[in-house]
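Because the structure is a prediction, the values reported are computed rather than measured. The figures that follow rest on heavy atoms only: side chains count, while hydrogens, waters and symmetry mates do not. A note on names: the letters A, B, ... follow the listed sequences, proteins ahead of strands, and every chain is numbered from 1.
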Number of protein chains: 2
Amino acid sequence: MSETRARLIETATDLFLGKGYGAVGTSQICSTAGVNKGTFYHFFPSKSALLIAAIEKYTKSFEDAFEQIAQSDAAAPEKLAALFEVPAAANRSWRKRNGFSQGCLLGNVIVELGTVDDAVRQASQKALRQWEKPIEPIIAEIAIFEGLHSLDTSKGARCVVSMIQGGLLLAKLNNDPGEISAMAPAALGALHTLSAKSKN
Amino acid sequence: MSETRARLIETATDLFLGKGYGAVGTSQICSTAGVNKGTFYHFFPSKSALLIAAIEKYTKSFEDAFEQIAQSDAAAPEKLAALFEVPAAANRSWRKRNGFSQGCLLGNVIVELGTVDDAVRQASQKALRQWEKPIEPIIAEIAIFEGLHSLDTSKGARCVVSMIQGGLLLAKLNNDPGEISAMAPAALGALHTLSAKSKN
DNA sequence: GGTGCAACTGACCGATCAGTCAATTTTTCC
DNA sequence: GGAAAAATTGACTGATCGGTCAGTTGCACC
């Protein structure tokens, strides 16, 4: 893959994280990446096509980190807590570089374009499902570890993703990555009562 | 307050919920509300000023609903679950009218303008804090009811708000208001382990 | 019935937006 | 070394954006 293309994706991801999709123009992406307008449209047919490429790369980096946690030899509850530290750490390092918390590219895009651009919505949907994939076996481990026999691992994984996204929203609002970490201890108990209720 | 002004706020709220802030132009707001451009700017100095007015009204309606739950005579855990049904019901009725789930005005705005327009960010921050206000006494009741002596009610309320926002995001993504209700049973357990961890 | 003010009109503005394109340079491969 | 392909250039376009403004209407109050 072209180096210029990769730089465009990287630059766009950073800008979209910082200011959102709509607030960043193609001209700004080009000038920041040190590339001309024509080159942009040589590699991508549209601004939203670049966004989708950015989503895919962003998703993969998180999926890999989750996968690594899933395959570590930590105890199941520790793995669960570690999941929250992935976006929390990303948030902290981004904050250090740019001076403020940025939220999540997927969350941003779902909110901003979820009901406007269907290709983007589908890409985001697929992306969040890919997050769930490495999380689900961790939930299954917890179900055994904590004796939650009736826990639906799919619902559990989705609940965890939802709590991570909630934390990311508060992190952006309050400019504090700690909001994400603060949700981590709550997740284990959430799975307990999620299991109890699904018995009905 | 003027009826025209109120109609502008109402129309804008609906459009912003549906397509986001950036994707809705002032011309569309005006034509939908049956008002001329000049009238718009007679009542509001800018598009973002209208947004802030919309945020305030939107926040108040949720705050009132939460307040009513807090002062009902239901058992504390039932109150907690009822909180999630407020946005879930709003989401369902909006979906029935417009054909798709819309998420939350506050969440939308935080994501889209949180790092761009500081006046809007502050208004959203204040708004979510107002949500926490009626939620906190419910958390306090639960702390007594469930014997969670070390539970920080402020942290608990924030956690619940975060879970609601997480559910709203998934509701928008998957076009399913049920995602919000699905988070409700998880909240009680979340408070349990939040309490356990804050002992440290 | 006239005066003053808020409500309202709609054509208009400069800026910016995503996207285009014909021309040029660089790379690739025989 | 030469031709084809890929990468790059940057001025340009039409559309749309938020916002302006000089002027008109309608209503309340004296």
| With sugar-phosphate meaning primed atoms plus P, OP1 and OP2, does A/Gly25 contact a base, only sugar-phosphate, or nothing at under 4.0 Å between heavy atoms? | sugar-phosphate
| Distance in angstrom units between A/Phe43 CZ and D/dA5 P, rounded | 17 Å
| query | Taking it one step at a time, do B/Ser181 and B/Glu85 satisfy side chain to side chain donor-acceptor pair (under 3.5 Å)? | reply | CA-CA 6 Å; B/Ser181 309; B/Glu85 279 312 300; 2.9 Å; yes
| query | For D/dT8, does OP1 or OP2 lie under 4.0 Å from any side-chain N or O of A/Thr4? | reply | yes
| Please give, in whole Å, the distance from D/dG26 P to B/Glu3 CD? | 17 Å
| task | Could you work out which one of D/dG10, D/dT8, C/dA7 sits closest to the side chain of A/Lys37? | result | D/dG10
| task | Identify which nucleotide among C/dC8, D/dT20, D/dA7 has an atom closest to any side-chain atom of B/Tyr41, counting heavy atoms from C-beta outward. | result | D/dT20
| query | When you check the side-chain N and O atoms of A/Gln68 and A/Asp64, is any donor under 3.5 Å from an acceptor? | reply | no
| query | Taking CD from B/Gln28 and P from D/dG19, how many angstroms apart are they, rounded to a whole number? | reply | 16 Å
| field | Exam field: side chain B/Glu112 to backbone A/Val111, donor-acceptor pair closer than 3.5 Å | value | no
| query | Between A/Phe44 (CZ) and D/dA6 (P), how many Å, whole number? | reply | 17 Å
| A/Asp117 CG to C/dA18 P: how many Å, rounded? | 14 Å
| message | Can you tell me which nucleotide in D/dA7, C/dA7, D/dG19 comes closest to the side chain of B/Ser2? | response | C/dA7
| note | Between NZ of B/Lys19 and P of D/dT16 the distance, given in whole Å, is 12 Å
| request: Kindly say if A/His42 contacts the phosphate of D/dT8, meaning a side-chain N or O under 4.0 Å from OP1 or OP2. | output: no
| From the list D/dA6, C/dG19, D/dT20, which nucleotide is the closest neighbour of the side chain of A/Lys47? | C/dG19
| Are any side-chain N or O atoms of A/Ser162 and backbone N or O atoms of A/Arg158, one a donor and one an acceptor, separated by less than 3.5 Å? | no
| request: Report yes if a side-chain nitrogen or oxygen of A/Asn36 is closer than 4.0 Å to either non-bridging phosphate oxygen (OP1 or OP2) of D/dT8; otherwise report no. | output: no
| said: Starting the side chain at C-beta, find the nucleotide from D/dT8, C/dA7, C/dG19 nearest to A/Thr39. | reply: D/dT8
| query | For A/Ile139, which of A/Leu151, A/Leu194, A/Asp152 qualifies under side-chain contact (heavy atoms from CB on, under 4.5 Å)? | reply | A/Leu151
| request: Please state how far atom CG in B/Leu8 lies from atom C1' in C/dT9, giving the value in whole angstrom units. | output: 14 Å
| request: Can you tell me the distance, in whole Å, between the CD1 atom of B/Ile29 and the C1' atom of D/dG19? | output: 13 Å
| message | Regarding A/Phe40, tell me which of base, sugar-phosphate or nothing describes its non-hydrogen contacts under 4.0 Å with the strands shown. | response | nothing
